[in-house]
Enquirer: 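The structure is given below, and queries will be raised subsequently.
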Amino acid sequence: MTQLLKIALPDGSVREVEPGATPADVAAAIGPGLAKAALAARVNGELRDLARPFDGDAELSLVTSRDERDALELARHDYAHVLAEAVQNLFPGTQITFGPATDDGFYYDFAPAPDRGPFTEEDLPLIEHEMRRVIARDEPLVREVWDRQRLIDWFRAKGESFKAEWAAELPDGEELTVYRSGRAEDAWLDMCRGPHLPTTGKLAPDAFKLTRVSGAYWRGDQKNAMLSRIYGTGWLSRKQLDAHLVRLEEAAKRDHRRIGREMGLFHLQEEAHGSVFWHPKGYRIWRALEAYLRRRLDAAGYEEVKTPQLMDARLWEQSGHWGKYRENMFVVPDEAPSSEEGKPVITGDADLMALKPMNCPAHVLIFRQGIKSYRDLPIRLAEFGTCHRNEPHGALHGILRVRQFTQDDAHIFCRDDQIVEEVRAFCDLLDRVYRELGFDRYAIKLALRPEQRFGSDEMWDKAEDDLRAAVVAAGRATEEFGWEELPGEGAFYAPKLEFHLIDAIGRTWQCGTVQADTVLPERLDASYVGEDGQRHRPVMLHRAIFGSVERLIGILIENHAGRFPLWLAPTQAVVATIVSDANDYAREVVEALTRAGLRAEADLRNEKINLKVREHSLAKVPYLLVLGKREAEERTVALRPLGADARQEVLPLDALVERLRTEATPPDLR
RNA sequence: GCCGGGUUAGCUCAGCUGGUAGAGCAACCGCCUUGUAAGCGGUAGGUCGUCGGUUCGAGUCCGACACCCGGCACCA
């Protein structure tokens, strides 16, 4: 007598089914509507194919398009699968490798046929067309369990060396599965963990779009072959796809490079690629931010210093940068260049100096001056330190990734027992600053020891534990902060906490960081005299909140779409006249605002007010102060906040100045 | 650094299969004294990223290089 399986449903009811039954059977038993709508199943919490039989008693919930997260994940994974099949249909000889779902779609990495070369964007429409054909065939996606040798042999026989390699290296004990498009012997198949939708026809043929091509290294390793990756975005419906494409267009309008040019904030040019030319308006933002942060650091017990740009290679050898970081450094010979025409500038026997890529060694040198007592600790040395790093050219990105940047750097020299409290206090300071800048979402990661590193395992154990403990103590090791640990991603001298902000199109950028370092104090021989009268090594906490002023401003631009809060706006108010009779009064208004510490300008051009409103609105000036004959006579100002539907109010000059002065107060002075 | 794409007036972009460059906006000049997102008219503006090649002739075809864009790798 066969034992029936008990299947518990979300409504609390339990159904009994024959062994070998599947979630699809249960769905069908409940009703034809559900059977049709079901996309996959959660069996004991695990997402599975509808057609995969139960292994025993189970809790089951059926996944439909109303379970958007699961449904999207499934659909995107399936789009990737369909993409791979389409590509192999069109371009025989292309090898498949790997193709997951992403946040808004999917990609698949291919090894192109040798006679063809990588894919280009011109290939995409053709591939999209073939994908629609695959979807229209509406074949079932059939799961089969294969053993390892069969997989390896099968892929080898097909000339699929990447898949064969992958199959050979998958960990033991895992069920190895393939999915076939259709039941035919020769149906297309890919090795894949699944799960998948029941048939390709469950995909909407008009809810995806192939977006771009790129190179990608096999297994993410630069030493391996360069594959050809095709990216797509995929959704459950055409409507969702269209909404996403609109979002992308909107995001493109927030691009800091575009807004930076339109608002005249900065520019970049070939002669100094990777370094920013800050224009007056852009530098006003910089100065407001720097002044704000300086006040916050002063209040938090930091002392500001300034250290040399160019230092001898001997220092960098001692610090370890020469060994582990030299590829990223700009090295300069310590000699006068030859004045002879055509002669090389460098003789080759001059001493070498390097532009600093980091501020830390210089801060240790300051710490080392004079004897330090345990009573002096912690010592917090801060610097708006301009660093140069010779970054890989392909990595440069607007002002978010540059070769010259200014860190809001500081190094806290402290005792072992002060680490956790100092890091926790830093986490609080950073949180406060981010919120005051309008970033209420950021992610915290802990980057653990890399392969290439200095220092003993014991030192790393302690440093990692301390950082982890501090984030826990600050209450931020939570999902809300995207808390996770990243093995192998620490700096060569220390593990680091990373604080990430998000740009307009959802890319994340590391801004803040704290690193607990015992290596550099050792290498540069920093010490303090302890209570016991003996010399001890301080710990050095490297930390930054903005990370780089350039990057932070770039992200601020994107987050605000150029509409800065009043205290940061490059021009806070423009006084625009309607008639030239108001010009003198307008100058007086600008003068009063300037005296009150505001950044105000006059627009006295002989132009219609419509034009002035339009131009200053496009320039994202927070307040337009309109002056006509009436205002000039009554000594009032018509205040027009930025925004097409903004209402306007008329107030006396004194009241206006007071109001803007109050509103423009930086958040820490309120 | 690697893969793909791009570089034409200040900006956004046309320029078919090679026959010495075009629009809109901006700029400049003139008129308009103007009431809340483009007033009207006129003028000027480009060695087509750089270097080399093919050709009677190259913005257009080929090559190298530079920079930019999207990814990969690297990273604040």
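In what follows, every chain begins at residue 1, and chains take the letters A, B, ... in the order their sequences are listed. Only a predicted model underlies this, so the values are computations on that prediction, with no experimental measurement involved.
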Enquirer: Using a heavy-atom cut-off of under 4.0 Å over every strand shown, decide if A:G512 touches base, sugar-phosphate, or nothing.
Expert: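 The residue A:G512 makes no contact with any strand.
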
Enquirer: Base, sugar-phosphate, or nothing for A:L618, non-hydrogen atoms under 4.0 angstrom?
Expert: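 If one applies the 4.0 Å heavy-atom cut-off, A:L618 turns out to touch a base.
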
Enquirer: Whether A:K496 contacts B:C75 is assessed here as follows: a side-chain N or O lying under 4.0 Å from the phosphate OP1 or OP2. Is that the case?
Expert: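 For A:K496, the contact criterion (side-chain N or O under 4.0 Å from OP1 or OP2 of B:C75) is not met.
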
Enquirer: For nucleotides B:A21 and B:U8, find the distance between their C1' atoms and express it as a whole number of Å.
Expert: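 Their C1' atoms lie roughly 8 Å apart.
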
Enquirer: From B:G39, B:C2, B:G70, pick the nucleotide closest to the side chain of A:K608?
Expert: B:G39

Enquirer: When you measure from the side chain of A:R551, which nucleotide among B:G71, B:A37, B:A76 comes out closest?
Expert: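 Side chain of A:R551 sits closest to B:A76.
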
Enquirer: Using a 4.0 Å heavy-atom cut-off, does A:A395 contact any base of the nucleic acid, only the sugar-phosphate backbone, or nothing at all?
Expert: base

Enquirer: Please give, in whole Å, the distance from B:G1 P to A:H273 NE2?
Expert: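 Rounding to the nearest Å, NE2 of A:H273 and P of B:G1 are 8 Å apart.
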
Enquirer: Measure the distance from CG on A:L486 to C1' on B:C75 and round it to the nearest whole Å.
Expert: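 After rounding, the gap between these two atoms is 13 Å.
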
Enquirer: How close or far is atom P of B:C75 from atom NE2 of A:H321, stated in whole angstroms?
Expert: 13 Å

Enquirer: Taking the inter-plane angle between the rings of A:H388 and A:F330 on a 0 to 90° scale, is it parallel (under 30°), tilted (30 to 60°) or perpendicular (over 60°)?
Expert: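 A:H388 vs A:F330 ring planes: perpendicular.
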
Enquirer: Between B:A66 and B:C29, how far apart are the P atoms? Round to whole Å, please.
Expert: 42 Å

Enquirer: Fit a plane to each ring of A:H256 and A:H397, take the angle between them on a 0 to 90° scale, and name the class: parallel (under 30°), tilted (30 to 60°) or perpendicular (over 60°).
Expert: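 Judged by the thresholds at 30° and 60°, the geometry between A:H256 and A:H397 is tilted.
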
Enquirer: Go ahead and name the base partner of B:A64; Watson-Crick or wobble counts if both distances stay under 3.5 Å, otherwise write none.
Expert: B:U50

Enquirer: May I ask you to check whether A:Q95 and A:S161 show a side-chain donor-acceptor distance below 3.5 Å?
Expert: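 Per modelled atom types, A:Q95 and A:S161 side chains form a pair under 3.5 Å.
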
Enquirer: Is A:K612 touching bases, backbone alone, or none of the nucleic acid, heavy atoms closer than 4.0 Å?
Expert: nothing

Enquirer: Between B:C68 atom C1' and A:L268 atom CG, what is the distance in whole Å?
Expert: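 After rounding, the gap between these two atoms is 10 Å.
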
Enquirer: Separation of A:E262 atom CD from B:C11 atom C1', in whole Å?
Expert: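 Distance check: A:E262 CD to B:C11 C1' gives 9 Å.
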
Enquirer: In terms of side-chain heavy atoms of A:H397, which of B:A76, B:G70, B:C67 is nearest?
Expert: B:G70

Enquirer: Scan every strand shown for a Watson-Crick or G-U wobble partner of B:G59, both distances under 3.5 Å, and answer none if you come up empty.
Expert: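 Paired with B:G59, as far as the under-3.5 Å criterion goes, is no nucleotide at all.
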
Enquirer: When rounded to the nearest Å, what value does the distance between P atoms of B:A58 and B:C48 take?
Expert: 12 Å

Enquirer: Provide, to the nearest angstrom, the distance between the CD1 atom belonging to A:I578 and the C1' atom belonging to B:A37.
Expert: 14 Å

Enquirer: Step by step, would you call A:F110 with A:F91 a ring-ring contact (aromatic ring centres under 6.0 Å, His included)?
Expert: CA-CA 11 Å; A:F110 300 94; A:F91 308 108; 9.0 Å; no

Enquirer: Looking at the base of B:G71, is there any donor atom on it, or on the side chain of A:Y217, that sits under 3.5 Å from an acceptor on the other one?
Expert: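 When only heavy-atom distances are counted, A:Y217 does not reach the base of B:G71 through any donor-acceptor pair under 3.5 Å.
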
Enquirer: Hey, what's the ring geometry for A:H560 with A:F564, parallel, tilted or perpendicular (30° and 60° as the breaks)?
Expert: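 The arrangement is tilted - the two ring planes meet at 30° to 60°.
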
Enquirer: Checking base pairs now: Watson-Crick or wobble, both atom distances under 3.5 Å. What partners B:C31?
Expert: B:G39

Enquirer: Within the modelled atom types, does a donor on one side and an acceptor on the other bring the side chain of A:E391 and the base of B:G1 under 3.5 Å apart?
Expert: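 No pair found.
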
Enquirer: Could you check whether A:E122 gets within reach of a base, just the sugar-phosphate, or nothing at all, counting any heavy atom under 4.0 Å?
Expert: nothing

Enquirer: State the pairing partner of B:G18; accept Watson-Crick or G-U wobble contacts with both distances under 3.5 Å, and report none otherwise.
Expert: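 Its partner: none found.
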
Enquirer: Taking only side-chain N and O atoms of A:Q648, does any of them lie within less than 4.0 angstrom of OP1 or OP2 on B:U36?
Expert: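 Indeed not, no polar side-chain atom of A:Q648 lies that close.
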
Enquirer: Work out how far the P atom of B:U7 is from that of B:U60, and round it to whole angstrom.
Expert: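 My reading of the P atoms in B:U7 and B:U60 gives 11 Å.
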
Enquirer: Has the side chain of A:R401 got a donor or acceptor atom sitting under 3.5 Å from an opposite partner on the base of B:C74?
Expert: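 Yes.
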
Enquirer: Which listed nucleotide (B:A38, B:G71, B:G35) is nearest to the side chain of A:I609?
Expert: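 Output: B:G35.
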
Enquirer: Using the P atom as the reference point in each nucleotide, state the distance between B:G18 and B:G57 in Å, no decimals.
Expert: 15 Å

Enquirer: Is the cationic atom of A:R76 (NZ for Lys, CZ for Arg) positioned less than 6.0 Å from the six-membered ring centroid of A:F106 and within 45 degrees of its normal?
Expert: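 So A:R76 doesn't make the cation-pi contact.
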
Enquirer: Say we look at B:A14 and B:A23: how far apart would their C1' atoms be, to the nearest angstrom?
Expert: 7 Å

Enquirer: Might you work through the ring-ring contact (aromatic ring centres under 6.0 Å, His included) test for A:H363 and A:H542, ending with a clear yes or no?
Expert: CA-CA 10 Å; A:H363 291 186; A:H542 307 244; 9.3 Å; no

Enquirer: Among the nucleotides B:A73, B:C11, B:A37, which one has an atom lying closest to any side-chain atom of A:R261?
Expert: B:C11

Enquirer: Between B:G71 and A:R507, is there an OP1 or OP2 to side-chain N/O distance shorter than 4.0 Å?
Expert: yes

Enquirer: How do A:T120 and A:A216 order along RNA chain B: which one's closest nucleotide is nearer the 5' end?
Expert: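 Mapping each residue to its closest nucleotide by heavy atoms, the 5'-most match is A:T120.
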
Enquirer: Report the relative orientation of the aromatic rings in A:W166 and A:F98; use parallel for angles under 30°, tilted for 30 to 60°, perpendicular for over 60°.
Expert: tilted

Enquirer: Counting only Watson-Crick pairs (N1-N3 plus N6-O4 or O6-N4) and G-U wobbles (N1-O2, O6-N3), all under 3.5 Å, who is the partner of B:C25?
Expert: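 Pairing partner, where one exists within any strand: B:G10.
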
Enquirer: With a non-hydrogen cut-off below 4.0 angstrom, is A:A638 in contact with a base, only sugar-phosphate, or nothing?
Expert: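 It contacts base atoms.
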
Enquirer: Has A:R432 got more than 12 heavy atoms of other residues, nucleotides or ligands less than 6.0 Å from its CZ?
Expert: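 For A:R432, atom CZ is not crowded (no more than 12 foreign heavy atoms under 6.0 Å).
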
Enquirer: Could you state the atom-to-atom distance from CG of A:L124 to C1' of B:C3 in whole Å?
Expert: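 A:L124 atom CG is separated from B:C3 atom C1' by 14 Å.
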
Enquirer: When you compare B:C16 with B:G52, how far apart are their P atoms, in angstrom units rounded to a whole number?
Expert: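 Taking atom P in both B:C16 and B:G52, they lie 25 Å apart.
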
Enquirer: Determine, answering yes or no, if A:Y231 is stacked on B:G71 under the 5.5 Å centre rule and the 30° plane rule.
Expert: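 One would not call A:Y231 stacked on the B:G71 base.
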
Enquirer: Check every strand shown and say whether A:G398 touches a base, only sugar-phosphate, or nothing at a heavy-atom separation below 4.0 Å.
Expert: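 Sugar-phosphate: the residue A:G398, judged by heavy atoms under 4.0 Å, touches backbone atoms but no base.
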
Enquirer: May I ask you to verify if any side-chain N or O of A:R258 is less than 4.0 angstrom from the OP1 or OP2 atom of B:C11?
Expert: no

Enquirer: Report the relative orientation of the aromatic rings in A:H321 and A:W316; use parallel for angles under 30°, tilted for 30 to 60°, perpendicular for over 60°.
Expert: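 Perpendicular: the ring planes of A:H321 and A:W316 meet at over 60°.
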
Enquirer: Rounding to an integer number of angstrom, what distance separates B:G53 and B:G59 when you compare their P atoms?
Expert: 15 Å

Enquirer: Among B:G71, B:G35, B:C67, which nucleotide sits nearest the side chain of A:E631?
Expert: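 Within the option list, the nearest is B:G35.
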
Enquirer: Whole-Å distance between B:G5 C1' and A:F119 CZ?
Expert: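 Nearest whole value for this atom pair: 16 Å.
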
Enquirer: Give the nucleotide from the list B:A38, B:G70, B:A76 with an atom nearest to the side chain of A:L611.
Expert: B:A38

Enquirer: Taking the nucleotide of RNA chain B with the closest heavy atom to each, which residue, A:R630 or A:P118, is nearer the 5' end?
Expert: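 Here A:P118 is the residue nearer the 5' end.
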
Enquirer: Tell which nucleotide pairs with B:C2, taking only Watson-Crick or G-U wobble pairs whose two distances are both under 3.5 angstrom.
Expert: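 In the structure as shown, B:C2 has B:G71 as its Watson-Crick or wobble partner.
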
Enquirer: With heavy atoms under 4.0 Å as the rule, sort A:K223 into base, sugar-phosphate or nothing.
Expert: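 It contacts nothing in the nucleic acid.
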
